[in-house]
Colleague: 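The structure under discussion is supplied below as structure tokens; questions concerning it will follow.
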Amino acid sequence: RGAVVGPHILLTTLFVWGQALFGVPSNDEAIYVPENPRYTICDSALDSLRFTAEKTLRLDEHGHLVSTSSFVDSEGQVMGWHGFGNLEGPGWASNAVGGAYEMFTMGALLHRPDWQNKALSILDHVLDDGFIDPGTGFIRGYRETTTGKLCLNYKKNDDWFGPGSMAKIGYQLLIFSDELGNDRRAGRMRAAAARAAQWVQSHVETAPNGWFPRRTSPEGKLFRKNPKGEEDTLWETSADGLYILQLQAALTARGLADYSQPLREKTAVFVGAGGFFGSINQDTFDAHENVAYSVAFRTLLGVSRVLKDKGIRTFAYARCLSGLDKFKMREDQHGVATKGLLFMEDSWDTCYLWESAEAALAYFEAAHDSALRALGQSARYETEGLVILRAIAKHHHGPYGFLTEGVDWNNHVGQKHHFDNALFGDIRYTEPFLNNQHISEPTWYYLKNLARESLGKNGREWRDVEGNIILKQP
């Protein structure tokens, strides 16, 4: 691998320089953020992981590490006034499995056994402490930290749950198991993922439009209300159902099940409708949410490989990945560093950072997918993902590595929730395993699959597509 570092960097750098020289932007010339050699995208990801590991975990009565809260300030203090404040678990807002996976994989890459051990302890909490029904495969997403009560949704009740969100947990367990080798946990995780997929397939009622419902009753029946009990305009057009396809495709690819037929059927519904891009976040309600486009691209790319269908791949690029363009912040706004970030949706234009991180991951997966087909296109996608992570890196606060949940450049959330009571600025709180830490996954993916790694007399170093050193390890 090291033997091709020089030529590859040379070719891609010449490509980027050539585009600038002849007036053709490498992605969108107006949206470019350079790497900061004093604080790289890897420094940023490692700080976020440090914040989670050192400020937001505690031992429970079983000896497992658990999150103190799903909503904390920059000191790691629990924000109990918020709906997420007294919750933890593997569900959407709390993201224990996804967070543990990110901590474990980065710990493995950087030879940090302390992070790996913490990640496994978090995982054991999910596997052993009642979230997963070993008989049915059903997964409860949350535990109320003040009472110990398990619950189906972030409103702390059992009226409804998101089947897509449950499938996402199954997918996270599956990809985490890939990293564990012969560890005793891996078999349990694969079995849990397979059973969760089977529960969804057997119990979740199909919406009238042929797509998955955003929410269902605990039995899988259609649930048309939003968390406030009002009619949800997105009850059958949320992108959350994509996580079901993602899990089914991953299980099929690994030979753990065969969902080829339902994948064909549901993907045809999705593509035939031009895509369903309604809010994935359970507390927002917009027909077009940026993270829906990222998840759609990543999911359909995987489905296209399983089904060997070039048409699905074409749709993923032409409709889903390109759909991210309309969310991009092209300049800094109101004195706030927003250039390179993505706003969430028209009705809520804050730049939330787990969603921006997911967009970076989508671009990196596109770069990896395109590498053997078109070097120039791959370099463009790499740069787009890097720009997002570089933009995110500007929004850490305090000595512990805290990354804000979002950049409230238009004061949607409210001035009292901003650092220094600024009218426009970064929000003073974050979700440790999600908004704070999700940058770790695209950063790790980039280091593993796209960065140019070399070994010198002073150790290993990784360079990005522009030749910048983004990480050094002795």
Side-chain angles (χ1 to χ4, degrees), residues 92 97-98 137 139 161-175 178 190 192-216 220 222 234-282 289-321 323-324 358-359 361-362 365-366 369:
W92 152 71
V97 178
I139 303 174
F161 82 105
S165 298
M166 187 174 89
K168 180 181 180 180
I169 300 168
Y171 177 76
Q172 291 171 331
L173 287 167
L174 189 59
I175 61 172
D178 292 341
R190 295 185 188 105
R195 284 194 291 266
Q198 186 55 52
W199 193 97
V200 170
Q201 183 69 12
S202 301
H203 291 82
V204 172
E205 190 175 354
T206 299
N209 65 353
W211 187 235
F212 301 105
R214 186 179 192 183
R215 301 181 185 87
T216 74
L222 299 179
L234 304 176
W235 74 274
E236 62 174 347
T237 55
S238 167
D240 199 48
L242 286 162
Y243 290 123
I244 299 171
L245 298 186
Q246 186 180 54
L247 176 57
Q248 291 178 341
L251 288 166
T252 304
R254 288 161 177 77
L256 298 174
D258 184 4
Y259 285 99
S260 300
Q261 189 56 35
L263 279 171
R264 288 190 184 91
E265 293 170 358
K266 291 297 187 183
T267 302
V269 171
F270 186 88
V271 172
F276 299 113
F277 300 105
S279 296
I280 284 177
N281 290 294
Q282 290 286 348
E289 184 180 57
N290 72 51
V291 74
Y293 285 85
S294 302
V295 172
F297 172 78
R298 297 186 59 221
T299 298
L300 294 186
L301 191 61
V303 171
S304 73
R305 291 168 179 157
V306 169
L307 299 182
K308 298 180 174 57
D309 189 321
K310 293 181 180 179
I312 296 172
R313 180 180 180 274
T314 298
F315 182 89
Y317 278 92
R319 178 75 173 119
C320 304
L321 193 65
L324 289 171
E358 187 75 6
L361 184 55
E365 290 188 356
D369 177 67

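What you see is a predicted model, and the numbers here were worked out from it, not measured in a lab. Worth knowing before you read on, the calculation uses all heavy atoms, side chains too, and leaves out hydrogens, waters and symmetry mates. All residue numbers in this chain count up from 1 along the given sequence.
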Colleague: Can you tell me how far the CD atom of E358 sits from the CZ atom of R298, to the nearest 0.5 Å?
Modeller: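 Separation between the atoms: 4.5 Å.
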Colleague: Could you check whether any side-chain heavy atom of L242 comes within less than 4.5 Å of a side-chain heavy atom of F276, counting everything from C-beta outward?
Modeller: no
Colleague: Heavy atoms only: give me the nearest R214-P163 pair and the separation to one decimal.
Modeller: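 Residues R214 and P163, closest heavy atoms: O-CD, 3.6 Å.
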Colleague: Would you say the side-chain atoms of S238 pair up with the backbone N or O of L234, donor to acceptor, closer than 3.5 Å?
Modeller: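 Not a single qualifying donor-acceptor pair exists.
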Colleague: Would the distance check show the side chain of Q282 and the main-chain N or O of W92 forming a donor-acceptor pair, the cut-off being under 3.5 Å?
Modeller: no
Colleague: Under 3.5 Å, side-chain donor or acceptor atoms of residues 308-316 against the rest of the protein: list the pairs with distances, not counting sequence neighbours.
Modeller:
residue: D309; atom: OD1; partner: G311; partner atom: N; Å: 2.9
residue: D309; atom: OD1; partner: I312; partner atom: N; Å: 3.2
residue: R313; atom: NE; partner: D369; partner atom: OD2; Å: 3.0
residue: R313; atom: NH2; partner: D369; partner atom: OD2; Å: 2.7
residue: T314; atom: OG1; partner: K310; partner atom: O; Å: 3.0

Colleague: Determine, stepwise, if the pair F297 / L324 fulfils side-chain contact (heavy atoms from CB on, under 4.5 Å).
Modeller: CA-CA 10 Å; F297 172 78; L324 289 171; over 6 Å; no
Colleague: What residues, two or more places apart in sequence or in another chain, satisfy side chain to side chain contact (heavy atoms under 4.5 Å, CB included) together with A194?
Modeller: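 Listed in chain order: L251.
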Colleague: Is there a side-chain contact between S260 and T252, using heavy atoms and a 4.5 Å cut-off?
Modeller: yes
Colleague: Taking the side chain as everything from C-beta on, heavy atoms only, tell me whether F277 gets closer than 4.5 Å to R319.
Modeller: yes
Colleague: Is any side-chain heavy atom of V200 less than 4.5 Å from a side-chain heavy atom of M166?
Modeller: yes
Colleague: In Å, rounded to the nearest 0.5 Å, how long is the span from CZ of F270 to OG1 of T299?
Modeller: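 Spacing of CZ (F270) from OG1 (T299) equals 8.0 Å.
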Colleague: Quick check: closest heavy atoms across V306 and A249, and the distance to 0.1 Å?
Modeller: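 Scanning both residues, the minimum pair turns out to be CG2-O, 3.4 Å.
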Colleague: Minimum heavy-atom separation for L247 to G170, with atom names?
Modeller: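 For L247 versus G170, the nearest heavy atoms are CD1-C, 3.8 Å.
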Colleague: Give a yes or no answer on whether the side chain of N209 reaches the backbone of E236 with a donor-acceptor pair at less than 3.5 Å.
Modeller: yes
Colleague: Between S279 and N281, do the side chains contain an N or O donor and an N or O acceptor separated by less than 3.5 Å?
Modeller: no
Colleague: So, for W235 and P208, which heavy atoms are closest and what is the spacing to 0.1 Å?
Modeller: CH2-CD, 3.3 Å
Colleague: Just jot down the side-chain hydrogen bond (donor to acceptor under 3.5 Å, both in side chains) partners of Q246, sequence neighbours excluded, or say none.
Modeller: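 Residues passing side-chain hydrogen bond (donor to acceptor under 3.5 Å, both in side chains) with Q246: none at all.
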Colleague: For G278 versus A292, what's the shortest heavy-atom pair and its separation?
Modeller: O-CB, 4.1 Å
Colleague: Could you walk me through whether I139 and W199 pass the side-chain contact (heavy atoms from CB on, under 4.5 Å) test, one step at a time?
Modeller: CA-CA 10 Å; I139 303 174; W199 193 97; over 6 Å; no
Colleague: Between Y259 and Q198, is any pair of side-chain heavy atoms under 4.5 Å apart?
Modeller: yes
Colleague: How long is the straight-line distance from CG of L321 back to CG of L301, given to the nearest 0.5 Å?
Modeller: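 Answer for the CG-CG pair, L301 versus L321, is 9.5 Å.
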Colleague: Would a 4.5 Å heavy-atom cut-off, applied to side chains only, mark I280 and Y243 as touching?
Modeller: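 Contact flag for I280/Y243 side chains = yes.
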Colleague: According to salt bridge (Lys or Arg N to Asp or Glu O under 4.0 Å), does anything in residues 263-272 pair up with another residue at least two apart or in another chain? List the pairs.
Modeller: none
Colleague: Counting C-beta onward and ignoring hydrogens, is there a side-chain heavy-atom pair between Y293 and N290 closer than 4.5 Å?
Modeller: no
Colleague: How would you list, by chain and number, every residue that makes a salt bridge (Lys or Arg N to Asp or Glu O under 4.0 Å) with E289, sequence neighbours excluded?
Modeller: none
Colleague: Return the CH2 to CD1 distance between W211 and I244, rounded to the nearest 0.5 Å.
Modeller: 7.5 Å
Colleague: Can you sort out the partners of D178 under salt bridge (Lys or Arg N to Asp or Glu O under 4.0 Å), two or more places apart, ordered by chain and number?
Modeller: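 Once residues adjacent in sequence are excluded, the partners of D178 under the salt bridge (Lys or Arg N to Asp or Glu O under 4.0 Å) criterion are R254.
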Colleague: List the atom of L173, the atom of A192, and the distance in Å for their closest heavy-atom pair.
Modeller: CD1-CB, 4.0 Å
